[in-house]
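For reference, the structure is listed below as structure tokens.
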Amino acid sequence: MVIDLDKCTGCGACMVSCMSENNVPFKEDESDKKLSITWMRVYKLTNGKSFPEAEIVYLPRPCQHCGGIGDHGHSPCVSVCPATATDYGYDTGIVSQIYTRCFGCRYCMGACPYHARHFNWWDPKWPEGMENYLSPNVSPRMRGVVEKCSFCYHRYQLAREQAIVEDREIEEKEYQTACTTACPAGAIVFGDLNNPAHKVHQIVKPDPHPDPMNHKVVGKSRNPKVFRLLERLGTNPKVYYMSDREWVRKAGDNYLKGEWENVKTHHGASSSHG
Amino acid sequence: MKIDRRSFLGLGLGAAAGVALSPVGVKLTDDSSIWTQNWPWTPVPEDGKITYDRSVCSLCPGACGISVKKINGRPVKIEGLDDYPINNGGACPHGISGLQYLYDPARIKTPLKKNGNKFEKISWDEAISLVAQKLGEIRKSGTPESLGLITGADSGSMAQLFERFMDAFGSPNTYNMPSLESNLALTAAALHGADRNLGFDLDHSDFILSFGAAIIEGWGSPVACIQANASRRERKAKLVQVDYRLSNTANAADKIIAVKPGTEADLALGICAVLLAKNLIAGDVNTSAFAAMLAKEYTPEKVEAITGVKAADMEALAMEFIKAKAPVAVPGKGRGDVGQSLREFAAVQALNALADRLNKKGGVFVMYPADYLSFSENVMDDAAKQGASKAKLAGSVNELVDKLEKDGGLSALFIYNANPCYALNNPEKVKVAMDKVGFKVSFSSFMDETALRSDVVLPASIFLERLEDVVSGGGLAKTVVGLCRPMVKPIFDTKHPGDALILLAQAMGDSIAQSFSWNSYDACLEQVTGKIWDTLSGDGYVVIDDKPPVGTPATDFTFLASAPKAAVPMGEGDYTLVPVDKMRLAVGSMISSPFAVKIISDKVLSGKYSVVEINPATAGILKDGDIAVLKTAMGKALVKIGFNEGIMPGVIGMPRGLGHAFNNPYVAGKGVNVNDLIGPVIEPGSGLDAAFGIKATLSKA
Amino acid sequence: MSELENKANDGPEDGAHHGTDNGPKDDKGLGLGVIFFMGAFLVCFLSGWLLFPKLLYSKKEQPFNFDHKLHAEETGDCETCHFFREDGTFSGIPGLQACMECHTDEPMGESEDEAVFVEEYVAKGKEVPWLIYAKQPDCVFFSHAAHTVAGGMDCKTCHGHIGESSSSRPYEENRITGYSRDIWGKNIWGIKKNSWDRMKMDDCAECHLEKMGHKGYCFQCHK
Amino acid sequence: MLDDALIPEGAKRCAFPIFIIGIIIVGAVLLWGVYAMFLCWFKGLNQTNMNDYYGFALWIWADLAVIAVGGGAFFTGLLKYIFKVDDLKNIINFAVIIGFICYSSALLILAIDIGQPLRGWFIFWHANVHSMLTEVAYCLSCYFAVLTIEFIPNILENRQVNKVPFFHHLAHNMHEVMAVFAATGAFLSFFHQGSLGGVAGVMFGRPFAYREGLLIWPWTFFLFTWSAAAFGPCFTLMVTKITEIITGKKLVGDKTVNLLAKISGWMITTYIIAKIIDTVYWAFVTVPSMGFELGHFYSNNGFYGYWILITEVILCGVVPGLLLINKSTRENPTTRTIAIILGVIGVCLNRWVMVLQIMAVPVMSFDSWALYIPSWQEVATTILPVAYGIILIAVAYRYLPVFPQELELNEPADAAAQN
């Protein structure tokens, strides 16, 4: 997935689309965002300057579907789950989660630096009659378990069933996440990063080799405008962000004083081995 | 025999061993965990056949096409409709939340009658005959003009059906809530002649000069505008935002021109003056009174003094604007609905006119309203003819409120698609005015602030339950008529307001009944849209026009030449309080859904407090997150301080759309209704409430 | 005098007697202990094996008897009723509409089940509330297409010979979990002889491991 | 007295009513905790002040802390049974009891902490071998079993129970084989103490917690084991001291105390050296490589400053270490007690930092510090184990011969005079 932060208007359509697609519940007071289940959360970043120089950017944050150090599939959350309630799909690169397996130790939440995982502190409750709009494609969760963005895996499943009966491969447009289809600005692009025919691949141009500057990192973008969140930790997310603004790209990770000047020009290993 | 310790021991051990060697333990351990995985109170959605139906969303004037996903006919998801001429595939958070409106238990489930200060349920027959009887009395008393109508929609068959009823009944007193559409129509009327709309061709402009318009935050047709902005980036077209805070639009703009709140008109006129002074205007405008006025009143120095924009910057901006291939100036602060002044709209439109951008690709289209409805001649008896020919009580809904509050004048009032008791400035005054009206009938779907004060509620089915023609509005440079189709049978005992109106008319008998001879609204719609019905019902929409109108309309500058005064904010205070429109918050007659409320930032709503934007530089002793008392001439409220580098020092920004007061814990009782704190400032000449803000003071709570 | 002290006093002699393991009182005591042990053991052991399953499962009859054998002969296959929709999803148990493609509002046979069907459901236009033996919980996603079409599996592998049955057996539901007994298996220990005796996750995993070389990822079978 | 018959022969105990009153008072606190516990079970974890930023909070800290201080049991056991440090026999029983209390509490707290207690057993059934928590769960439960076994002989030594020959012999034989269990225990403890350290150390998404290490084990793995072994005895000694004060009796001979204190002292000193090395490496190599300056973790928030680092490492690490390895300060009761208390605070503080500060530190450049205050339900359930511990110790002390030296150390004054 690639998100163009310069196109994003922060309208929130992705969040709502996600919540209604995935049967995410809501409470009377959702203003405490640390207790608010939002698989897709839009952060607001500022450049710290004052009006009229002030600038903001909205940063939508789904689950980053990390590949873990060296992209071996040991995502921060997957490797710590004691009950194998979450795992890494080597076929799709999507981090799975079984809500009915999870027993709520919340270790995965602690391990995730993106706060992409949310705990059901309460029993999900819908106002009388509203459970009528719940979708059968995603099972409603119960109190006491962790949940997170699934890249709308059920949409993949449905597309796959159709492809199977029609005896063909899934097409790019057939499997798109709810946030992608909802975005009125077309800021989100979704597809198979490993498939050169897909738009995401063409935008990101992921570098298959480990980054010579940091061997934990694999799949760094060769596009100077594209970056990932906390890439230096070696989580190797599958969500890439894109912006023309340097301060935005810098905000994607942490840098020591003066460090940014050296790294900002370095994109993927393309320079060292094309 | 003696049962001693050992016997008990034996008993215990035996039992333990017995159970241990039976399946009980294993099975119960497993089952208990499976039980937690299938708690009976966790809903299990029914599975089945997946289908997708197309319709149109009429929650806001955006009129987007939507696709409704159903399981065994049960709607489960709303998404943007691909290839729809307005939003092709895109959607906004409110449209997607549509199903939450549909199933909301807080909806009005049956017709209601006010009894004392309580509502009691009544049947549709009772309700209709009750209203019919009341209205009948009014007609008998020979004052049919004392029936009023306040409505939001002013286009489409429903609007005309209500109009028709008012005519047939004999009253001219129809009033529209302020909306971008109505403001643009007023502007067109003042500059180009009555009965026109203005459309802004943002998709093809290469230089958009926005005077505070929240183009990507709900202005006009929200999704269409957001998409226009996205394509603008690809077209490398420029956006310059004139604003006093870093709205999302300002943030997306290539350049921000910081102006003092409420001086946008002066800047626009200043730019006009520059263009004239530099002789960059074609035509004979130069000799007009308007030109003279500009030359006198709007010298760069004066404008700098008023707006705070450096003369040099303004001149540069003027040059950039006129030199651009396809520039366009866009009026309407925020969403461009309430708190707007005709002076400002006209000034901006004048700039477009002077720059010769009328009816040009990428400019402003002066369009005639979509004319696709053909109603049969209205049957009016003498009473109706007399009444309808009388003068209106007031020029605008704001003036009507004044009039009613002072000395009444209406004996009955219909409210449709409107929530004046919340959406107009100083709602308290509106409520007093409402109470002066003897008999109020609400066609609302939700028990909103206005419905609460009405005597009879004829609950309306919402857009997912009804058939209706939806006309695109909101400053779009094209006119599209979409067909909103029922996705489900009404969930509660509600009716299509059209059907309610027809039933009512027929219950009233005589000429009124003859004017409403259809047996259902659906039949009516099919008949009146005869010309386009087949395409409409076939494709789901009809594009009336999307090309620049031919010819250049004349522009009459007399209104501006008369140098109308700018509205000044009421009261005193070190700060200017201005309402802030947020894309995630619904405004006007529309109420935010639980989902919409959930996604509101904690920098907008924190617990039960509205968070106000304030620049740290002018926060004084107040700190970020403090609870403070915000006082204005209209009242005071407890708010939370939210430091925001993105707002002009001295200005307080308060989100609009919060502070609803009715019984729905998910969306009401949160924050403050900013309108409570702002008093209307009626603009002479237009009757608009031009209060862009109000002076305010802040003190630590 | 306190219980404790009481014990305290006869404690020692007990001990003494034990030390020298003889004396009638002692035998009796020990014997008693053993008898109690045996008794308690038998009671709990047997009830655990025999009574417990009875208590755990409730028996429910289908709305009326359905003759798979007959229908299979009439239609010639399973797919006529249990078909794939255009979008590749599986229709599962056919709805009334599907039945009415063959049936009319006139009974087709003499059997009283036929009569019940026509009077209770066809006439009233009501769906038949079949109890589904193979019903999986809401958290499970199962793609029939992937298994029968792509994997070329036979219905029997999971559903057994239901297609050849001429009478519907009672549906047994676990009172705690609400699961059909077929999921855990008839055997109270959940031991299975045939591939269709049990439908727990382990059974899916077992087959996946064998056929695909991998148990599969959470989302492959969970939603 | 009512319960004379159960009290160890010759031992003096306070009057039964006084004893009961004491129990009732503490029991009240216990019940408060139990009430909170049931609230959490039936209403769910919304009863706590935890949130999506604080998935781990007070409870997990309490867990790590009690296990750390409970480490005295395995370490003393190790020394006594494996390294045959015989003097420790005078305190081993008590060490075991304390260990038993700590570990049972830990398990109880875990049972409250998880969102789906009835599925708790999945951690064994669907175990993920990569997860440190799995390792913890296994070792924890096994070692608890071991502790129970180690505790049993002591129970069997109760005057009445011991009269039953079967039990008498059982107790005796168990003593014989105790070395085996001690060894097992030591082994298990080594692992789960370590795993608990690993829990934090492996979180490579959390620079504040992440540590490089040896094979699959981050350095925190070894540091935790080491610190548990080092500070556990401190806690044993501290509780002994408290018991002595309450009972007004000398229960463990100075020789034993000093010996254990000395061992603890050396362990602490060596540990703290390792800890300092680890911290320095982390601060100047690990973290900068992820783009963080040390200051990031100790500034811009209302609570966590450098003070916490200094307190943990210097005041509650280096200081007690030195006090205990220095003969004079070690054998001076006052300084010894101070050192012991500082030690216990130190290890608890370390666990606090490794649980709560980790959660508080922002990682994404645009995220902000998250501070948290526990709800009363959390506090109550955290105090619960303390109350339970006090009661168990009281009962054990009253009815079991916990302290072999008790009698000799408390001979009647006249007898003492004669010698």
Side-chain angles (χ1 to χ4, degrees), chain A residues 6-7 9-13 15-17 19-21 23 26-33 36 38 42 44 46 48-52 54-58 99-100 103 123-137 139-144 158 178 181-187, chain B residues 36-37 39 41-43 45-48 71 74-80 87 89-93 96-97 99-100 102-105 216 223 226-227 229-230 233 245-246 248 251-252 256 258 491 583-584 594-603 605-607 615 617 645-648 665-666:
Chain A
D6 299 338
K7 275 191 186 164
T9 67
C11 72
M15 293 201 236
V16 171
S17 183
M19 292 192 284
S20 67
E21 177 81 18
N23 300 337
F26 53 90
K27 315 188 298 292
E28 288 186 11
D29 180 7
E30 290 280 6
S31 68
D32 181 347
K33 300 305 175 190
S36 185
T38 44
V42 177
K44 184 179 178 181
T46 60
K49 299 194 178 136
S50 193
F51 184 81
E55 266 185 50
I56 56 172
V57 68
Y58 289 95
Y99 314 116
T100 44
F103 64 84
D123 266 309
K125 211 165 93 271
W126 282 267
E128 186 201 355
M130 255 197 225
E131 62 277 357
N132 275 318
Y133 71 63
L134 295 182
S135 155
N137 301 126
S139 64
R141 282 71 59 187
M142 65 292 299
R143 177 226 295 166
L158 292 174
T181 52
C183 181
Chain B
T36 69
Q37 298 171 342
W39 275 336
W41 58 88
T42 310
E46 182 210 350
D47 202 348
I71 303 287
R74 170 177 67 96
V76 297
K77 177 87 194 278
I78 294 180
E79 290 190 328
N87 60 312
C92 84
I96 301 169
S97 311
L99 296 174
Q100 293 199 318
L102 177 66
Y103 293 115
D104 191 346
I216 56 172
V223 175
I226 290 175
Q227 288 174 341
N229 179 63
R233 304 190 63 87
R245 60 178 286 277
L246 185 72
N248 291 349
N251 186 63
I256 302 169
I491 304 288
M583 184 64 207
R584 300 180 193 176
F595 273 158
V597 173
K598 176 171 178 172
I599 64 169
I600 299 170
S601 151
D602 52 2
K603 287 278 179 207
L605 174 70
S606 170
N615 191 306
E645 292 284 356
I647 188 162
M648 180 179 273
Y666 296 93

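Residue numbers begin at 1 in each chain, while the letters A, B, ... track the order of the sequences.
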Leading residue by heavy atom contact count with chain B [cutoff under 4.5 Å; candidates [options]]:
options	value
A187(A), A178(A), G186(A), A182(A)	A182(A)
M19(A), K49(A), M15(A), K7(A)	M19(A)
K44(A), E55(A), E131(A)	E55(A)
G129(A), P140(A), P52(A)	P140(A)
A185(A), G48(A), C183(A)	A185(A)
P127(A), A13(A), P124(A), P136(A)	P136(A)

Could you look at [X] and say if it's the side chain, the backbone, both or neither that has a heavy atom under 4.5 Å from chain B?
X	answer
F103(A)	neither
D123(A)	side chain
N23(A)	side chain
S20(A)	both
R143(A)	both
S139(A)	neither

* Atom group of P665(B) that falls short of 4.5 Å from chain A, counting heavy atoms -> both
* **I600(B) versus chain A, the contacting section by heavy-atom distance below 4.5 Å** => backbone
* **Distance-only donor-acceptor check, side chains K33(A) and T38(A), under 3.5 Å** => no
* Asked: Should the pair Y103(B) and Y133(A) be assigned to parallel (<30°), tilted (30 to 60°) or perpendicular (>60°) ring geometry?
  -> tilted
* **Nearest-0.5 Å distance, OH of residue Y99(A) to OG1 of residue T42(B)** => 14.0 Å
* Working to the nearest 0.5 Å, report the span between OG1 of T46(A) and CD of E645(B). => 8.0 Å
* **Audit row: K27(A), K125(A), side-chain contact (heavy atoms from CB on, under 4.5 Å) steps and yes/no** => CA-CA 8 Å; K27(A) 315 188 298 292; K125(A) 211 165 93 271; over 6 Å; no
So which of [options] has the biggest tally of heavy-atom pairs under 4.5 Å with chain A?
options	value
E79(B), R245(B), Q37(B)	Q37(B)
G90(B), P43(B), A230(B)	P43(B)
L102(B), I78(B), D104(B)	D104(B)
R233(B), Q227(B), R584(B)	R584(B)
D47(B), I256(B), V223(B), L605(B)	D47(B)

* Structure fact -> Which of N251(B), N248(B), I226(B) passes side-chain contact (heavy atoms from CB on, under 4.5 Å) with T9(A)? Answer is I226(B)
Is there a side-chain contact between [X] and [Y] in this structure, where contact means two heavy atoms from C-beta onward sitting under 4.5 Å apart?
X	Y	answer
E46(B)	I71(B)	no
V76(B)	L134(A)	no
D32(A)	D602(B)	no

* Please check if atom CD in E28(A) has more than 12 non-hydrogen atoms from other residues, nucleotides or ligands closer than 6.0 Å. => yes
* Test log, rule side-chain contact (heavy atoms from CB on, under 4.5 Å), inputs S135(A) and K77(B) -> CA-CA 8 Å; S135(A) 155; K77(B) 177 87 194 278; over 6 Å; no
* Pair M130(A)-Y666(B), side-chain contact (heavy atoms from CB on, under 4.5 Å): steps then yes or no -> CA-CA 13 Å; M130(A) 255 197 225; Y666(B) 296 93; over 6 Å; no
